[in-house]
Structure formats: structure tokens, C-alpha cells
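Take a look at the structure below.
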Amino acid sequence: RKSMNDSVLTAPDDPSPPQSDPPSDPSPSEPASDPPYPSGKASWPHSRLFFRYPTPLATGWALESAMRGPHLMSNIFVAKALLDYATMEAGCDPNTTDVDGPCESRVHGFLPSSLLTNMVLVSGLLGAALMPVVGSVVDHTKHRRLVGRASWVGL
């Protein structure tokens, strides 16, 4: 591949065409630019556009990696909304708690600022307690698809 520094630039008033290197055959050590699809047809030169990779595994990995950012941002917005809602339920103004200090009122015995911490604690304990049970049901019974559908609906 050539970079911009490899090409020879000429002045606009120079009538000679720009010089370029003669095409060379890639050596066996250089990988091909785009391997063909599994179906045997040649791939489009920009086959990685829109996450079209030669294997479904590579395509899935690329799509999953691309969705991490939006997923993280949505979690941040939901977390902020939950904290604001808990602060309002405690009788404090969520817009002025940074200036006045943290809200000292409690909701159901907890500070509003500990809502996310409590949610993570409960979900971690439930996950640790239920994963072996659900795993054994999936591995040793005929209810594998039922558990998968219930998990999909639950999410």
C-alpha cells in the first residue's frame, strides 16, 4: 500500500503526468486485502463496510463491539434518572443537591445516593445464587429452550 508521502507530486502548471510506482505482485508473505466470502463469490472491495465480514462470528463480534458505546451511554442516562427520581422521593431537589450538599433524607431506610449501589448488590447476589440452579436446569433437563425464552423475555 502506498501512503501520501510515497507519491510524487507535481506543480499544477507542469504538463507531465504524476509519476507512480509500477504495480507489483504481492509477495506470498503479504495477506490479501479481502478474502472471498464463504459462498465463493468475490467480495466487494469495501466488504467491511456495514460490518460484512467473511464469517458470521467476525460479523457478530464487530456488531457487538460497535454497540458497547451506545449501551454504556444508555446505562449512564438511566442511572442519572434513577438517582434523580430517588432524590425527589426523599423530598430533596435533584438540581440543587450538588450545591447544598448530599440529600440526608432517607427512602425506605436508604439514602437516595445509595440506590445504584444497592441495585448492583442485589443483582450480584441473585446472580450468584441462581446461576448454578439455572445452569443445572439447562444442562440436565429438557427445558433448555423454555429457560432461554424466559431469559429473553426477562431481559
Side-chain angles (χ1 to χ4, degrees), residues 1-7 23-155:
R1 294 185 176 171
K2 290 173 49 173
S3 67
M4 287 181 55
N5 296 333
D6 293 342
S7 63
S24 63
D25 293 332
S27 66
S29 63
E30 291 183 41
S33 61
D34 280 329
Y37 282 100
S39 64
K41 62 182 180 180
S43 65
W44 184 46
H46 304 289
S47 64
R48 288 185 177 87
L49 187 65
F50 302 116
F51 303 105
R52 296 173 71 192
Y53 287 89
T55 64
L57 180 64
T59 302
W61 192 12
L63 287 171
E64 188 268 333
S65 297
M67 292 301 114
R68 283 184 193 158
H71 183 248
L72 177 66
M73 291 305 297
S74 66
N75 284 341
I76 291 171
F77 285 117
V78 168
K80 172 71 171 130
L82 284 172
L83 288 175
D84 285 349
Y85 181 70
T87 304
M88 287 188 300
E89 283 293 314
C92 301
D93 185 12
N95 297 323
T96 60
T97 53
D98 294 335
V99 178
D100 298 338
C103 182
E104 297 298 328
S105 301
R106 294 180 178 267
V107 177
H108 303 292
F110 298 104
L111 292 173
S113 60
S114 64
L115 174 69
L116 294 178
T117 308
N118 292 339
M119 289 172 59
V120 169
L121 174 74
V122 169
S123 66
L125 291 175
L126 282 174
L130 293 177
M131 272 192 223
V133 175
V134 173
S136 64
V137 167
V138 167
D139 289 341
H140 301 290
T141 66
K142 61 181 181 177
H143 302 294
R144 178 176 297 200
R145 291 195 183 266
L146 178 65
V147 172
R149 288 183 183 129
S151 298
W152 179 74
V153 169
L155 289 177

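Model, not experiment: these values are computed from the prediction. The chain is numbered in sequence order, starting from 1.
Looking at T55, its side chain does come within 3.5 Å of a backbone N or O of A58 through a donor-acceptor pair. A donor-acceptor pair is defined here as one N or O able to donate and one able to accept, closer than 3.5 Å; no such pair exists between the side chain of S114 and the backbone of F110. Proximity of a side-chain donor or acceptor of S74 to a complementary backbone N or O of H71 within less than 3.5 Å is detected.
Across every non-hydrogen atom of E104 and L111, the tightest pair is O-CD2, 3.8 Å. Nearest heavy atom pair, residue L115 against residue L82, reads CD2-O, 3.6 Å. The shortest non-hydrogen separation linking D84 to P94 is OD1-CB, 3.5 Å. The two atoms that bring A128 and P132 nearest to each other are O-CD, 3.4 Å, heavy atoms only. When all heavy atoms of L116 and A79 are compared, the pair lying nearest together is CD1-CB, 3.5 Å.
The line from CG of L125 to CG of L121 is 4.5 Å long, rounded to the nearest 0.5 Å. A distance of 12.0 Å separates CZ of R68 from CG of L63, quoted to the nearest 0.5 Å. The OG atom of S151 lies 9.5 Å from the CG atom of L146; values are rounded to the nearest 0.5 Å. M88 contributes atom CE, which lies 9.0 Å from atom CG of N95 (distance to the nearest 0.5 angstrom).
Annotation: side chain of E89 is not in contact with side chain of P112 (no heavy-atom distance under 4.5 Å). When side chains are defined from C-beta on, H143 does not count as touching V138, because their heavy atoms never get closer than 4.5 Å.
Remark: S123 engages no residue in a side-chain contact (heavy atoms from CB on, under 4.5 Å) (not counting sequence neighbours). Considering only residues two or more places apart in sequence or on other chains, N118 meets the side-chain hydrogen bond (donor to acceptor under 3.5 Å, both in side chains) condition with none of them.
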Step by step, would you call W61 with E64 a side-chain contact (heavy atoms from CB on, under 4.5 Å)?
CA-CA 5 Å; W61 192 12; E64 188 268 333; 4.1 Å; yes

